[in-house]
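Here's the structure, in structure tokens; my notes come after.
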Amino acid sequence: MKDFCAAQRAMRNIRKAAMQRGVVAVLDIGTWKVACLILRFDGPDLSGEPDGIGAMAGQAQFRVIGAASTCSRGVRFGEIDGMAEAERAIRTALQSAQKMAQQRVDHVIVCFSGAEPRSYGLTGEVDITDEAVSEQDIARVLAACDLPEFGEAREVLHAQPVNFALDHRSGLIDPRGQIGNRLATDLHVLTIEQTAVQNLLYAIKRCDLELAGLASSAYVSGVSALVEDERELGAACIDLGAGTTGISIFLKKHMIYADTVRLGGDHITADISKGLPVPHAFAERIKTMYGGVVATGVDDREMIEITSETGDWEHDRRKVSRAELIGIIRPRVEEILEEVRERLLAAGFDQLPSQQIVLTGGGSQLQGLDGLAARILGPQIRVGRPLRVRGLPQAATGPDFSSAIGLCLHAAHPQDEWWDFEMPLERYPARSFKRALRWVKENW
Amino acid sequence: MRALRARLSHQHSARPDPAPSRLAYRLQRLSLTPSFHRFLRVGLPLIATFGTLGWLASQPELRAEVQARALDIQAYVEQRPEFTVHMLAVEGASPELIDDVREVLPVAFPISSFDLDLDALREVIAELDAVADVSLRVRAGGVLEARIEERVPAFVWQTRAALVLLDANGHRVAPIEARAAHAKLPLLVGPGANEAVPEALQLLQVAQPVTARLIALQRIGERRWDVVLTEDQRIMLPEEGAVRALARAMAVDGAQELLERDVSVLDMRLAERPTLRLRPAAVEALWAIRQVTLDEDER
């Protein structure tokens, strides 16, 4: 296994430096909006000031001091499509967040949903030299996982050890210090397209920022929208975004699978726009105001006034019943959910002990979605809102901010990844330091 | 028919791009940088101030003008009548001393009080022999007041060259022409007498019984005193314990009227052996008496 993660190691160091400085920005680059939160890390709040939020399992050591979101531009399917436009969107969000925080940020952690993530489950096994498992042994067993062929131009985004087995005992979370002979591990690797990452890096660089971390938005919205026991027993988080729908499956507090369906709320809007026909902005408006998936008798009588400016009076003064609107929306939602069901089935979600499904993301605010999803995906369905974090404005507490908030939590308590462990000495490639330097030079 | 009311979507399309330009974005980030803030608050004013001052100071004609104007203002203030000193008032001094003071004081009235160096003037006055202490101040109304404490003469000191008055500390007060003008002051004679004035004072105190006959205290060899009396008598005192020796001599005189007799010198220099020197007549008389006594013995 070659050192495929020099870049990730470098990023991890930048993240540590940012934590030291105490201020870091998290940026959720989505298809519909770019959200930016600025976090200040200053330890737990000891003032005892009651703000209605408890200790939150140690998540309270940071505070959101700036939040802003702006309409995203130049992003399609969660990938950067137009560099200059995307850069402007990032600048807008970051500038208004900085203005709110009254503080300059130089380090940013980014999550995005596109770039066709693919999950791989790897296993590695190694004999233990001492009788107790040391950190070096863990690094060795992680290095012993044999990587499959990822394909051309793909890069590792996450590589998290999800399980350790010592001799016949499996399901260990932290095997260090335990006695045994043979250590095995299961590693979950998520790869993405390299060009998407490079575009993102370039956009961040053009905004004079330093990238302190990358995360998959499917993963981070699972972190914020799932509660602890759901993550422990097995659950899937469906992040219904605008351009993509992210799927992440959690078991034993680790993500074991992630995928995206390249369908989302924008497709619903496009359907409305084509079907009625109305401008895209107006379609988005009536989708959010009157949209739903289950039509009732009342909806036949509820008329939506459609205005446009073609100059044709008949065309400009139309009325559409809500049932018609629902009739356009529902097939597309069904299509998305069926696609999600296929992915879940392919991942073996039905084998998990608990099959909780949590819908989150902006699309989950569609009325009646949970009923429809229950019929397609399974009975255990709920609509998840993200965890509350300190200092977050009310406007940013909705399910459409679950990936941004999940990224905050991920920044505060990052999951151990492959590159957090020192590489075993015998596997250190020559001139790796030089290569890392070159990588940094190229990308920053 | 067109709608008369402006449409929402119309307004929407007319909205400017909300994205900040690259320059605006960088400026905002710069303005949020704490070090930049510090620079604006402290560094920039300092640079501006010192830069301007430095530039002004580098123009020679400007500097000269500023200096000239400052001197003008200074001169104007100094020339104000409120600060002018017209006259000198000397207090606590004899008329001769007042004349002396006026003579030595290097001040030409009227003068601005800013130009008076009181400390230096005070030094000049204090250097006069007759002045023990002096305080100088500028009094309201433009008067320079010198309050002088004069030295009180206690002795007349006669040296080979001149007659000088000394005060109780042995300091010169003034030279005099004639002893007669200060007949009441005791006379000290001999070089080095001024350095032993305190002892001389004590000796005078002890010599009270012979004050009427006292002519002078003579310093011998700058180390010891002789008390010179009328009728060419003198009492020689030792270097150490002169007062005690004189007291002894006075006691003997008081008891036996020693000095009334035909004695020229009472030598007290050796405490264990006081010695008398008789006059020649007395010696002869003594010899004569001794002769008589011998003759009687032979007989």
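Reminder, nothing fancy here: chain letters follow the sequence lines and each chain counts from 1. All heavy atoms count here, side chains included; hydrogens, waters and symmetry mates do not.
- More than 12 heavy atoms of other residues, nucleotides or ligands shown are found within 6.0 angstrom of CZ on R22(B).
- The local environment of CZ in R69(B) is sparse, with at most 12 non-hydrogen atoms from other residues, nucleotides or ligands closer than 6.0 Å.
- Within 6.0 Å of CD in E442(A) there are more than 12 heavy atoms belonging to other residues, nucleotides or ligands.
- In plain terms, the two heavy atoms of T92(A) and P18(B) that are nearest each other are CG2-O, 3.9 Å.
- Both the backbone and the side chain of C207(A) come within contact range of chain B, each with at least one heavy atom under 4.5 Å from a heavy atom of that chain.
- Summarising the geometry, atom CZ belonging to R91(A) is positioned 6.5 Å from atom OG belonging to S21(B); distances are rounded to the nearest 0.5 Å.
- Atom CZ of R318(A) sits in a crowded spot, with more than 12 heavy atoms from other residues, nucleotides or ligands closer than 6.0 Å.
- Of the residues considered (R206(A), Q103(A), R104(A)), R104(A) shows the highest number of contacts with chain B, using heavy-atom pairs under 4.5 Å.
- Residues of residues 23-56 of chain B lying within less than 4.5 angstrom of chain A, judged on heavy atoms, are A24(B), Y25(B), R26(B), Q28(B), R29(B), L30(B), L32(B), T33(B) in numerical order.
- Between chain B and the options R73(A), E87(A), Q98(A), R88(A), the largest number of non-hydrogen pairs under 4.5 Å is found for Q98(A).
- No more than 12 heavy atoms of other residues, nucleotides or ligands shown are found within 6.0 angstrom of CD on E240(B).
- Taking I90(A), T70(A), L209(A), D316(A) one by one and counting their heavy-atom pairs under 4.5 Å with chain B, the maximum is reached by L209(A).
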